[in-house]
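Order of appearance sets the numbers: ligands from 1, and atoms from 1 within every ligand. No experiment lies behind these values; they were computed from the predicted model shown.
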Amino acid sequence: MKGFAMLGIGKTGWIEKPRPACGPLDAVIRPIAVSPCTSDVHTVWEGALGERENMILGHEACGIVDEVGSLVRDFKPGDRVIVSAITPDWGDINAQRGYPMHSTGMLAGWKFSNFKDGVFAEYFHVNEADANLALLPDDMDPCTGVMICDMMPTGFHAAELADIQYGDDAVVIGIGPVGLMAVAGCALRGAARIICVGTRPKCRKAASIYGATDFVSYKEGDIADRILDMTSGKGVDKVCIAGGTADTFAQAVRMLKPGGIIGSVNYLGSGDCVKIPRVEWGCGMSHKTIRCGLMPGGRLRSEKLAALVRAGRVDPGLMITHRYHGFEHMEEALLAMRDKAPELIKPVVCID
Ligand code: NDP
Ligand code: ZN
């Protein structure tokens, strides 16, 4: 079969590989809609995971089940499914501790385009199909379904990590597709004010629809100073981070009230250390909390998010700005995600 791969750091192209084998608990899926992620960009062009040779890229896909193992109960060939970007080993002890994303090791629930071939291929393998697939609702467009693989669960995880409560003043740093879903998550959890950091007009417009109340540009001075000004020097209750760099944490700590919480899902593609400013950290006694995480993944989360979409509470499909038809456009879609033109939020490739 054909797959679109990372050939090495900074290099991509089509390669041939054998169709994956299906274990007794597993499934083999034929994708019908896939989307490149900023994480693919960090992986290929920043070498964030280190060297990877001939690894098929991609971790966001809806597809049709082609084969299931003998022990799979709830899925059969022909089913249309949403495949979670994170596919944990649910029996692992870290999953039992409440951290499925770290099952079998740090970040090891993130298998596609990390520890094994990803979804930009004619076929791909899913471990523990009953626990990691969800049925795509009959009335849901697969392109909208693709937003439930990673963007929605990750953005919502930022709002969960920040423990957004009714009436909170929140900041969302970064309003690409992940940050936009963090905005929607903050709004659904009851935040009062949602100040968004990001500049692309298309993203700002979408953020307003999802619940943003104010905007700040990181290109026009220090965002912590700006947000302290906007809150009469008090700062905010919660900060979600879905963009920026290792230095963004220092700004987030500065803009937080004592006892505030930072929820970050940002993937730090470069830099060795994260610095925390000592004084704004209360000389170590501020009760400010930093929580960072890979999203949990799995079937239940996909089903719940699909239910929210079907109930009309949030429409992640609004983020799809570029639709390509046919696998031959895979490279174009990935480069669009890398180059982030002003009118881009999220590209999707439909495989008809
Ligand atoms: P985008 O690149 O589309 O968006 C990034 C956002 O950050 C934009 O709004 C951008 O503003 C803003 N930004 C850029 N530089 C700065 C800065 N210096 N300070 C503040 N804001 C800045 O990214 P995505 O939404 O696709 O992804 C966000 C992050 O989430 C990525 O690192 C991605 O790898 C990670 N991720 C994490 C996952 C997890 O499970 N934890 C899963 C999936 C993704 P502008 O409008 O100017 O472009
Ligand atoms: Zn992703």
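In this structure, the protein non-hydrogen atom closest to atom 21 (N) of ligand 1 is Tyr218 CD2, 3.6 Å. Here the heavy atom of the protein found nearest to atom 3 (O) of ligand 1 is Arg200 NH2, 3.2 Å. The single protein non-hydrogen atom nearest to atom 26 (O) of ligand 1 is Thr38 OG1, 2.5 Å, given as residue, atom name and distance. If you check which protein heavy atom lies closest to atom 9 (O) of ligand 1, you get Ile175 N, 2.8 Å. Of all protein heavy atoms, the one lying nearest to atom 44 (C) of ligand 1 is Ser39 OG, 3.4 Å. Closest protein heavy atom to atom 40 (O) of ligand 1: Met295 N, 3.1 Å. For atom 38 (C) of ligand 1, the nearest protein heavy atom (residue, atom name, distance) is Thr154 CG2, 3.3 Å. For atom 25 (O) of ligand 1, the closest heavy atom belonging to the protein is Val178 N, 3.0 Å.
Ligand 1 has Ala242 within reach: a non-hydrogen atom of the residue lies less than 4.0 Å from it. The closest approach between a heavy atom of Ser217 and any atom of ligand 1 is not below 4.0 Å.
Using modelled atom types, one finds a donor on one side chain and an acceptor on the other under 3.5 Å when comparing Asn127 with Thr87.
Other residues, nucleotides and ligands contribute over 12 non-hydrogen atoms within 6.0 Å of the NZ atom of Lys340. Crowding of Lys76 atom NZ: a count of heavy atoms from other residues, nucleotides or ligands under 6.0 Å not exceeding 12. Residue Asp272 places its CG atom among 12 or fewer non-hydrogen atoms of other residues, nucleotides or ligands, all under 6.0 Å distant. Counting heavy-atom neighbours within 6.0 Å of Lys257 NZ, excluding the residue itself, gives a total above 12.
Considering backbone and side-chain N/O of Cys37, none are found under 3.5 Å from N/O of ligand 1. Considering backbone and side-chain atoms alike, Gly293 places an N or O below 3.5 Å from some N or O of ligand 1.
Near Leu294, with a cut-off below 4.0 Å to any heavy atom, the atoms of ligand 1 are 39 (C), 40 (O), 41 (N). Atom numbering of ligand 1 starts at 1 in the shown order; those under 4.0 Å from a heavy atom of Asn266 are 29 (C), 31 (C), 32 (O). With ligand atoms numbered from 1 in the order given, ligand 1 contributes 7 (O) to contacts under 4.0 Å with heavy atoms of Gly243.
Across Gly198, Cys292, Gly174, heavy-atom proximity to atom 7 (O) of ligand 1 is greatest for Gly174. Of the listed options Ile345, Ile173, Thr245, Ile173 places a heavy atom closest to atom 20 (C) of ligand 1.
Residue contacts with ligand 1, taken as heavy atom pairs separated by less than 4.0 Å, involve Tyr267 via backbone and side-chain atoms alike. Using a 4.0 Å cut-off between heavy atoms, Thr199 contacts ligand 1 through both its backbone and its side chain. Counting heavy atoms under 4.0 Å from ligand 1, residue His42 touches it through the side chain alone. By the criterion of a heavy-atom distance under 4.0 Å, the side chain of Asp150, and not its backbone, is placed next to ligand 1. At a heavy-atom cutoff of 4.0 Å, ligand 1 is contacted by no atom of Met101, backbone or side chain.
A salt bridge does not link Arg291 to Asp163: none of the charged nitrogens lies less than 4.0 Å from a carboxylate oxygen.
In this structure a side-chain-to-backbone donor-acceptor pair under 3.5 Å is missing from Ser113 to Gly118. With hydrogens and angles ignored, the 3.5 Å screen pairs no side-chain donor or acceptor of Lys275 with any backbone N or O of Ala246.
In this structure, Met106 shares a hydrophobic cluster with Leu49, Ile86, Tyr99, Met101, Leu107, Trp110, Tyr267, Leu294, Met295, the cluster being traced through Ile, Leu, Val, Met, Phe, Trp and Tyr side chains under 4.5 angstrom apart.
The Zn ion (ligand 2) lies at 2.8 Å or more from every N, O or S atom belonging to Cys149. Counting backbone and side-chain atoms alike, Asp40 contributes no N/O/S atom closer than 2.8 Å to the Zn ion (ligand 2).
With sequence neighbours excluded, the residues that form a salt bridge (charged side-chain N to carboxylate O under 4.0 Å, His left out) with Arg193 are Asp214.
Checked against Asp117 for a salt bridge (Lys or Arg N to Asp or Glu O under 4.0 Å), the options Lys2, Arg19, Lys17 give a single hit: Lys17.
Taking each heavy atom of Glu128 and Asp89 in turn, the nearest pair found is OE2-CA, 3.4 Å.
Restricting Asp150 to its N, O or S atoms, the one at the least distance from the Zn ion (ligand 2) is OD2.
Between Val239 and Ile173, some side-chain heavy-atom pair lies under the 4.5 Å cut-off. Contact check for Asn114 versus Arg52: side-chain heavy atoms found under the 4.5 Å cut-off.
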